[in-house]
Structures are given as C-alpha cells and as structure tokens.
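Everything below concerns the one structure shown next.
Naming: A, B, ... by sequence-line order, numbering from 1 per chain. Quick caveat, the model's predicted, so the values are computed rather than measured.
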Number of protein chains: 2
Amino acid sequence: MSILLKRGISRDSGVSLGDQVKANLRSRILKHEWDSGAKIPGEFELAKQYGVARVTIRTALRSLETQGLIDIRHGSGAYVADFGDSIRAGLQELKSITQTIKELGFKAGMLTRTSQIRAATKSESIDLLLESDTKVLHIERAITSDGEVVAFSYDTFAVEGLTTAAIKKISTGSVFAGLDAVDKQPVRARAEIHAISSKEIGWGSGKPRNGLYLQLHQVHYLRDGKPIATGDTFFVEGKFQFIIYRTI
Amino acid sequence: MSILLKRGISRDSGVSLGDQVKANLRSRILKHEWDSGAKIPGEFELAKQYGVARVTIRTALRSLETQGLIDIRHGSGAYVADFGDSIRAGLQELKSITQTIKELGFKAGMLTRTSQIRAATKSESIDLLLESDTKVLHIERAITSDGEVVAFSYDTFAVEGLTTAAIKKISTGSVFAGLDAVDKQPVRARAEIHAISSKEIGWGSGKPRNGLYLQLHQVHYLRDGKPIATGDTFFVEGKFQFIIYRTI
DNA sequence: TCCTCAATAGTTGTCCTACAACTTCAGGAC
DNA sequence: GTCCTGAAGTTGTAGGACAACTATTGAGGA
C-alpha cells in the first residue's frame with residue numbers, strides 16, 4: 001500500500017517526490033491560488049505542508065523557476081511570475097493540443113478523416129529512421145475547439161511493436177493512452193515551426209480561405225532516443241495563440 | 001578580491017554558485033565536450049571538479065534537465081540529450097537573434113532603415129502601458145546572416161529614463177548594451193508567434209516575393225514587471241529555422 | 001515631521017553527513 | 001547459454017548548520 005504524505009504526495013508511485021511536488025505546486029499556481037506577482041510560502045513552510053525535506057522543495061522550486069513560472073529572489077522568497085493566463089498555452093509545455101484547449105475552458109474535439117496502415121513515405125522513413133516501405137499508421141484529423149476547427153493534423157506512427165489494441169486506441173483519439181499501453185511513451189519531442197500558405201492542406205468547411213497556417217513539424221522520441229512518431233499540425237492562423245515566455 | 005574556485009567559478013561575483021556552474025556546464029555541453037547521449041560525470045565527480053558541494057551541482061543539473069539539455073536517470077547518471085546542433089537555435093533561449101546567428105557560425109549584420117523618436121502608436125502604448133502620444137524610440141532594421149536578409153525587425157522602446165547615450169547605443173545596434181547602461185535590463189519576455197502573408201512588410205532586395213513571414217511579437221519586461229520594449233520581428237520563411245525541444 | 005541608519009528577523013544559498021532507492025555489471029549456479 | 005544474486009556506483013531524500021541576502025522595524029538626529 002501507498003505511504004501517503006500530505007497533499008496527495010505518495011512515496012511509492014514511481015515518480016520522484018520532487019517531481020510530484022513540482023506538479024502539485026504547478027497546478028496550484030495555474031489555478032491562481034496565489035495572485036500574479038504574489039509571494040508563495042517559504043521553503044520551510046512548504047516542506048511542512050508537503051511533509052518532505054527542504055531540499056525536495058528546492059528542486060521543485062528551481063525547476064518551476066527554470067520553466068518561468070516563478071521568480072526566486074535570494075533572501076526574500078519565491079514570487080509568481082506575472083503573465084496572466086497566457087502561461088497555460090505556453091510553447092514550452094506543448095503537450096497534447098486537446099488538453100491545452102480543455103485547460104483553457106473550451107470543449108475539445110477531434111474529427112478523424114482517414115486512419116490507415118500503409119507504407120511509409122520517404123520523409124516519414126527519414127524522420128522515423130525506418131527502411132522505406134515499412135508499414136506505418138497514418139492518421140489525418142481535424143482538431144476542434146467548441147466545434148470550431150482550429151487545426152489540421154497529419155500524424156504517422158511506427159507500428160512495429162504496437163499491438164492492435166494500441167493501434168485502435170490511437171486511432172480513436174487517445175494517442176497518449178495507446179502508446180502508454182505498450183510502454184512506448186515518448187519522453188521528448190523536437191518541433192520546427194514554419195509559416196505556410198497552401199491550398200492543399202485541410203478539408204471541409206473549417207478550411208480557411210486564405211490557406212494560411214502555422215505549421216508545427218514534430219518528431220517524438222522514446223527514452224532511448226528512438227523516434228516513435230512524427231507528424232505535422234497545421235494551425236489555422238488566428239484561431240490558436242502561441243505564446244513563449246522566457247527568462248533572460 | 002575574488003575567491004576563485006575551480007573552473008572559473010568565483011564566490012563573490014554577485015551570481016549564485018549554482019547559476020555559475022549551470023552556465024559553465026551548459027557551455028561545455030554546447031561545445032560538445034561530451035557526445036550526444038553520452039553520460040556526463042557523476043555529481044560527486046563534478047562537485048570535486050568545481051570545488052563546490054554536491055547540492056550545488058544538483059541545482060545546476062536539475063535546471064539543465066528542465067531546459068531539456070540533459071536527461072537525469074535515477075541510479076544511473078545524467079546523459080546529454082541528443083538533438084544534434086538544433087539546440088543552439090532553440091526557441092526556449094530566444095536571446096538576441098544576432099547572437100544566435102553568430103553561434104551558428106555565420107556572420108551577423110544589421111541594416112538600419114529608420115531610427116526616430118516619435119509619439120507611440122495605439123498598440124505600442126497598450127503594450128508598454130503608456131499614455132498615448134508619449135514619446136518612444138522606434139527602429140526599423142533588417143537582420144542579415146552572411147549578407148543575406150533573414151528577418152525584418154520593428155522595435156519600440158519606452159524612452160522615459162533612457163539617456164541620450166543609451167539611445168545612441170540602442171540605435172547603433174547594441175540594444176542589450178544600451179539598456180544595460182541605464183540599468184534597464186529586461187529579465188523576461190513574452191512572445192506570440194503568428195504566420196503572416198503581407199506585401200507591406202520588409203523592403204529592399206531582401207524582401208521575399210511571396211510575402212510569407214513567421215511573425216514574432218514580443219514585449220520585454222523589467223524585474224518589477226514593467227514593460228520596457230516591444231516589437232515585431234518578421235522572419236523570412238525558410239531562412240531561419242525555429243526549433244522547440246521539450247520533455248514530457 | 002521627516003530622513004538616515006543600524007539592528008533584527010526572515011528567507012534563500014551552500015555545505016556536510018548519512019542513508020534510501022535505483023541501475024548496472026560481474027560472477028556464479030544451473 | 002540463461003538466469004539469478006550480490007556488490008558497486010549513482011541519484012533521491014533527509015536533517016542540521018551556517019552564510020548571504022532582503023525587508024522591516026525602530027531609534028536617533030536633522
């Protein structure tokens with residue numbers, strides 16, 4: 001059984017205490033438990049709140065500082081960085097797009113247009129380090145927020161090692177869960193951003209007339225550095241706001 | 001006089017030991033002292049190398065991990081994340097563009113088109129929290145890499161509190177040095193990315209025919225949260241590669 | 001009254017030691 | 001060859017101590 005500390009932090013969940021505290025503090029900050037610019041409790045106080053050592057709190061705080069969420073001042077304390085709500089859609093935490101939409105309070109949806117297993121194209125085989133003609137899972141979807149199309153997504157997965165159950169999960173929308181089920185969770189991703197104007201992209205009534213998109217070309221990697229998925233997401237310009245926040 | 005520890009780390013430079021170690025390790029990683037995916041020395045070994053405590057090394061390592069440069073594995077060690085050279089142009093460290101160009105080994109240049117003090121426009125006064133009609137310094141420049149135009153930049157600075165010497169420094173290219181001279185160094189910035197297609201932007205022979213740009217709209221803030229500068233940089237699509245790397 | 005400055009309490013930064021939890025690898029049993 | 005066990009090495013967490021810095025308070029002087 002799990003040894004529960006305070007505030008839902010547990011000792012044998014497979015995640016380090018520091019990371020758990022970090023996630024918890026992060027969510028408290030994003031929920032506006034403290035105002036922007038306000039001082040959060042001191043390290044000793046937090047250590048008491050969470051029932052962990054001060055060094056554990058420090059690792060969490062330093063990480064949040066590096067992410068730009070707080071500002072630590074020697075001899076004074078840690079203060080919430082003030083960027084209003086924009087943090088939530090920050091590029092540094094480009095997780096699942098649907099999750100970001102949900103966190104912003106909208107209703108996220110997906111419309112799958114095609115989902116098939118076919119031979120990899122040349123560029124896909126390069127990104128995924130596969131022999132050309134290897135079978136891959138290719139999915140084309142439109143992502144909606146409150147029913148309005150905000151992006152078109154063309155994703156490709158290396159199917160080697162994927163079970164049919166996992167493929168089904170991925171196809172029906174939950175990419176994360178599908179990969180997790182076969183222990184193929186990506187731990188890192190690399191993305192390039194481009195501006196593109198094209199009539200070839202998108203479909204249906206959500207397709208913008210000017211054909212202007214912000215293209216995000218991504219490759220997702222496993223812990224051992226092997227690529228597991230690649231894809232392009234085309235954000236309809238103006239429908240989705242990208243924000244970077246940074247410390248100098 | 002400065003108490004020198006090992007590897008150029010000093011005890012009274014006004015910068016914390018952890019941050020100094022972090023900067024030093026970061027530069028060692030970017031200089032490829034270790035191969036991608038290779039294991040860097042252990043915490044005890046690094047502590048001995050730098051002449052500081054293990055906890056100091058840990059804060060530096062955790063920060064580098066959050067930035068995505070290394071991958072720390074419990075019970076094993078810290079490994080250099082493998083993204084080739086792309087890290088150097090990462091969006092997370094969107095410092096001066098010219099500096100990025102230099103780090104990539106190209107020759108950076110600037111062509112100033114206009115530089116004047118005039119009344120703030122409506123959008124500028126909103127970004128900088130000024131009364132409209134307040135005087136601001138506005139500069140329009142083209143940024144070049146090896147002589148080729150890669151971006152057009154339209155920047156605006158709040159002149160209140162700036163000396164004429166500082167304004168001159170900013171106008172002649174070194175924005176950073178100019179602001180530093182009057183102790184108005186920005187510590188944080190917020191940026192939005194957009195795709196834009198426009199014939200109004202850019203000038204001269206470097207202006208792309210298709211008018212396609214990646215627009216970066218930025219506002220720079222001082223430590224106390226006050227905005228000091230704002231501006232738009234329009235990157236000519238295809239001339240400059242933006243890369244995001246992230247951990248999940 | 002207002003300003004200056006020193007004392008003070010509170011907070012983060014660094015150091016030390018110790019042990020727990022995890023990974024890796026070598027060597028032995030089968 | 002394969003599997004298992006144990007040892008060694010590494011990171012994670014704990015606790016205590018002091019240094020360095022900040023913010024506040026209050027006394028003293030103009």
- Item | A:Leu17 and A:Tyr50: CA distance, side-chain angles, deciding distance, side-chain contact (heavy atoms from CB on, under 4.5 Å) verdict | CA-CA 10 Å; A:Leu17 288 180; A:Tyr50 285 96; over 6 Å; no
- Task: For the pair A:Glu192 and A:His194, evaluate side-chain hydrogen bond (donor to acceptor under 3.5 Å, both in side chains) and give the outcome as yes or no after the intermediate values.
- Result: CA-CA 7 Å; A:Glu192 291 180 23; A:His194 294 281; 3.1 Å; yes
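For A:Ser76, the listed nucleotide lying nearest its side chain is D:dA23; candidates were D:dG12, D:dA23, D:dT13. Comparing D:dG12, C:dG13, C:dT12 by their nearest atom to the side chain of A:Ser16 picks out D:dG12. Closest to the side chain of B:His74, out of C:dT12, C:dC22, C:dC15, is C:dC22.
Going from atom OH of B:Tyr50 over to atom P of C:dC15 covers 14 Å, rounded to whole Å. Per the geometry, CD1 belonging to B:Ile72 stands 15 Å off P belonging to C:dT23, to the nearest Å. Regarding A:Lys39, its NZ atom lies at a distance of 12 Å from the P atom of C:dG10, rounded to whole Å. When rounded to the nearest whole Å, the span between CZ of B:Arg73 and P of C:dT24 equals 7 Å. Rounded to whole Å, the distance from NZ on A:Lys22 to P on D:dG12 is 12 Å. Taking atom OH of residue B:Tyr79 and atom P of nucleotide D:dT10, one finds them 10 Å apart after rounding to whole Å. Nucleotide D:dT13 holds its C1' atom 7 Å from the CG atom of A:Leu17, rounded to whole Å. Whole-Å rounding puts the B:Leu61 CG to D:dG12 P distance at 9 Å.
Although no hydrogens or angles enter the test, the distance criterion places no donor-acceptor pair under 3.5 Å between the side chain of A:Gln215 and the main chain of A:Phe235. Not one N or O on the side chain of A:Ser76 forms a donor-acceptor pair closer than 3.5 Å with the backbone of A:Arg73. A donor-acceptor distance shorter than 3.5 angstrom exists from the side chain of A:Ser125 to the backbone of A:Thr121, with no hydrogens or angles considered. At least one donor-acceptor pair under 3.5 Å links the side chain of A:Thr230 to the backbone N or O of A:Gln218. Proximity of a side-chain donor or acceptor of A:Ser153 to a complementary backbone N or O of A:Ile143 within less than 3.5 Å is not detected.
Remark: A:Ala53, A:Arg54, A:Val55, A:Thr56 in residues 53-60 of chain A come within less than 4.0 Å of DNA chain D through at least one heavy atom.
Residues B:Asp155 and B:His138 form no side-chain contact, since every pair of their non-hydrogen atoms from C-beta on lies 4.5 Å or further apart.
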Protein and nucleotides 4-8 of chain C: nitrogen or oxygen contacts under 3.5 angstrom:
none

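With a 6.0 Å radius and a threshold of 12 heavy atoms from other residues, nucleotides or ligands, A:Lys39 has its NZ atom above the threshold.
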